[in-house]
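The chains referred to below are lettered A, B, ... by the order of the sequence lines, with proteins before strands, and numbering in each begins at 1.
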Number of protein chains: 2
Amino acid sequence: MNQGGHSRQSFGRKARTLLSLLSLMKMSSGSGEIVTSTGALAEILGVSQQTGSILLRELASAGLIMRRMSRRGERITLTPKAYDVVTQELAGIPLDSLSKASRTSPLKITGRAFTGKGEGAYYISQRAYSKQIEDKLGFAPYLGTLNLRVTKLDDINKLTLIYGTTPIVLKGFSTRERAFGDVQCYRVKVEGVSNAALVRSNRTAYDLTVVELISDKYLRKALSIKDGDGVSFSFPA
Amino acid sequence: MNQGGHSRQSFGRKARTLLSLLSLMKMSSGSGEIVTSTGALAEILGVSQQTGSILLRELASAGLIMRRMSRRGERITLTPKAYDVVTQELAGIPLDSLSKASRTSPLKITGRAFTGKGEGAYYISQRAYSKQIEDKLGFAPYLGTLNLRVTKLDDINKLTLIYGTTPIVLKGFSTRERAFGDVQCYRVKVEGVSNAALVRSNRTAYDLTVVELISDKYLRKALSIKDGDGVSFSFPA
DNA sequence: ATTACTAAGTGACGAGTAT
DNA sequence: TATACTCGTCACTTAGTAA
């Protein structure tokens with residue numbers, strides 16, 4: 001029942017649908033599949049869990065997504081129709097003019113600190129990595145990472161902009177125990193600290209909401225950061 | 001007052017802003033400037049003139065557009081900030097996957113017939129053009145064009161999709177009086193009539209809301225079209 | 001003709017809550 | 001935990017109209 005008969009708030013409706021789809025597409029990283037919950041999605045979109053629920057229901061009933069619910073969260077699949085809708089809305093937008101549009105101010109991103117499983121520290125502690133960091137980033141890294149969770153959609157958008165730039169790449173290597181893949185680094189400034197970088201490995205790249213930062217300082221101490229604190233960094237550094 | 005403090009409907013707000021900007025960008029055809037009125041813009045967006053007015057005021061106060069008002073209509077200029085906003089929202093969207101997303105059904109576009117200034121007929125009457133039409137499109141054109149005005153945003157979006165495909169090009173030429181530029185043709189089916197094409201020249205390309213159709217038949221007569229009638233065509237033909 | 005104010009109707013949003 | 005319902009509140013939209 002998708003005829004032209006505009007009910008009343010069709011513009012706002014369409015706008016919300018488009019922004020929801022764009023967000024889902026970003027989260028899916030091209031795969032067209034997202035595993036999330038109405039609450040998590042809602043937080044990213046900046047709306048309540050209830051509204052997140054309604055948005056997903058609308059998208060589903062419009063045939064734009066498929067939902068597979070399970071006990072803990074659900075699997076959302078974007079349908080071809082969703083891509084059609086976005087394609088139509090974006091058709092005619094000169095994307096070149098977007099990229100040439102001057103990035104005026106640095107990107108500032110805020111996340112909340114949390115304690116990871118120590119895997120980041122394990123990575124950085126590998127000599128082959130830390131040596132490359134000294135060579136390519138110019139500082140000897142503290143042997144640990146500061147983990148941030150980014151939830152605001154605006155910030156996630158900025159992250160994808162950063163990931164779209166050319167990274168400094170730490171080459172992967174193999175020990176007799178296991179293989180370590182390439183790591184992408186982006187120079188950032190963390191609350192005024194310049195010798196810092198955002199690091200992104202295959203291990204974490206799948207989750208757009210998690211950011212790992214390294215620095216020559218023990219950032220938690222230098223900046224007095226506790227779990228749950230808001231931490232901002234800017235790019236370019 | 002554009003701080004992070006999400007007031008209440010920031011999601012819907014952002015969504016409307018984004019869709020408005022996208023529409024304006026499409027209308028500007030990359031130049032970043034649009035000459036329109038709140039009423040005309042509103043019709044394209046599918047909202048009332050009042051809402052169109054409010055949208056423009058919001059965009060202006062957010063620093064996303066500049067408005068130069070004059071007696072009849074106004075000149076709108078998109079600011080760099082507008083491109084930044086759109087860039088951010090579109091960052092991370094794999095645009096390639098959009099174009100490869102299967103166009104399933106043909107595009108159907110509806111416009112309202114109107115009487116032009118006869119320039120289209122003047123063009124078609126040029127032997128150099130009509131000869132090429134016979135050769136490349138396979139029919140001898142009726143020496144006139146059917147003009148349609150397209151106002152619905154969805155239809156304009158579809159038009160830009162059509163313009164994104166590879167056209168059949170009628171080569172330009174010069175008479176001793178003046179020069180005629182290249183003309184892009186797209187095969188369409190007009191209300192079931194197959195020998196038809198949408199023609200686009202430098203003369204009309206600036207206005208996305210105007211469509212010129214040619215056919216081997218006198219379409220106004222064959223389909224009993226009067227000014228103001230709704231006429232639909234589909235692509236691919 | 002245009003833009004935009006006011007008032008009123010309606011839809012969207014979120015807190016509380018059921019499941 | 002999760003999703004989604006009810007309902008009160010507020011924002012968006014539009015008709016009428018002023019300028």
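- Atom CG in A:Leu59 sits roughly 14 Å away from atom P in D:dT3 (whole-Å rounding).
- Between the C1' atom of C:dG14 and the CZ atom of B:Phe11 lies a distance of 15 Å, rounded to the nearest Å.
- What separates CD of A:Gln50 from C1' of D:dG8 is a distance of 13 Å, to the nearest Å.
- Side-chain atoms of A:Gln49 and base atoms of D:dA2 include no donor and acceptor less than 3.5 Å apart.
- Rounded to an integer number of Å, the gap from CZ of B:Arg13 to C1' of C:dG14 is 18 Å.
- A donor N or O paired with an acceptor N or O is not found under 3.5 Å between the base of C:dA12 and the side-chain atoms of A:Gln9.
- One distance of note links CG of A:Leu159 with CZ of A:Phe235; it measures 10.5 Å at 0.5 Å rounding.
- Residue A:Glu58 contributes atom CD, which lies 12 Å from atom C1' of C:dC13 at whole-angstrom precision.
- Relative ring orientation between B:Tyr142 and B:Tyr218 is described as parallel, the plane-to-plane angle staying below 30° on a 0-90° scale split at 30° and 60°.
- Using a 3.5 Å distance cut-off with no hydrogens or angles, the side chains of B:Ser28 and B:Glu33 do not pair a donor with an acceptor.
- When distances run from any side-chain atom of B:Thr38 to the nucleotides D:dT3, C:dG14, C:dT3, the shortest one goes to C:dT3.
- When distances are taken from the side chain of A:Ser37 to each of D:dT3, C:dA4, C:dG16, the shortest belongs to D:dT3.
- In the set D:dT13, C:dA4, D:dC5, D:dT13 carries the atom at the smallest distance from any side-chain atom of B:Arg16.
- Nearest to the side chain of A:Arg67, among C:dG14, D:dA4, C:dT3, sits D:dA4.
- Considering only the side chain of B:Ser53, C:dA4 comes nearest among C:dA4, D:dC12, C:dT2.
- Picking from C:dA12, C:dC5, C:dG14 the nucleotide with the shortest atom distance to the side chain of B:Arg57 gives C:dC5.
- Between A:Gly12 and A:Leu56, the residue anchored closer to the 5' end of DNA chain D is A:Leu56, taking for each the nucleotide with the nearest heavy atom.
- With rounding to whole Å, B:Leu41 atom CG is found 14 Å from C:dT2 atom C1'.
- As a whole-Å value, the separation of B:Ile54 CD1 from D:dA11 P is 13 Å.
- Between B:Ser20 and the options B:Ile65, B:Leu59, B:Leu56, a side chain to side chain contact (heavy atoms under 4.5 Å, CB included) holds for only B:Leu59.
- Neither OP1 nor OP2 of D:dT13 sits under 4.0 Å from any side-chain N or O of B:Thr51.
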Check the pair A:Ile162, A:Lys158 against side chain to side chain contact (heavy atoms under 4.5 Å, CB included), reporting the backbone distance first and the verdict last.
CA-CA 6 Å; A:Ile162 293 176; A:Lys158 291 175 188 169; 5.6 Å; no

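- Taking atom CG of A:Leu55 as the reference point, atom C1' of D:dA4 lies 13 Å away to the nearest angstrom.
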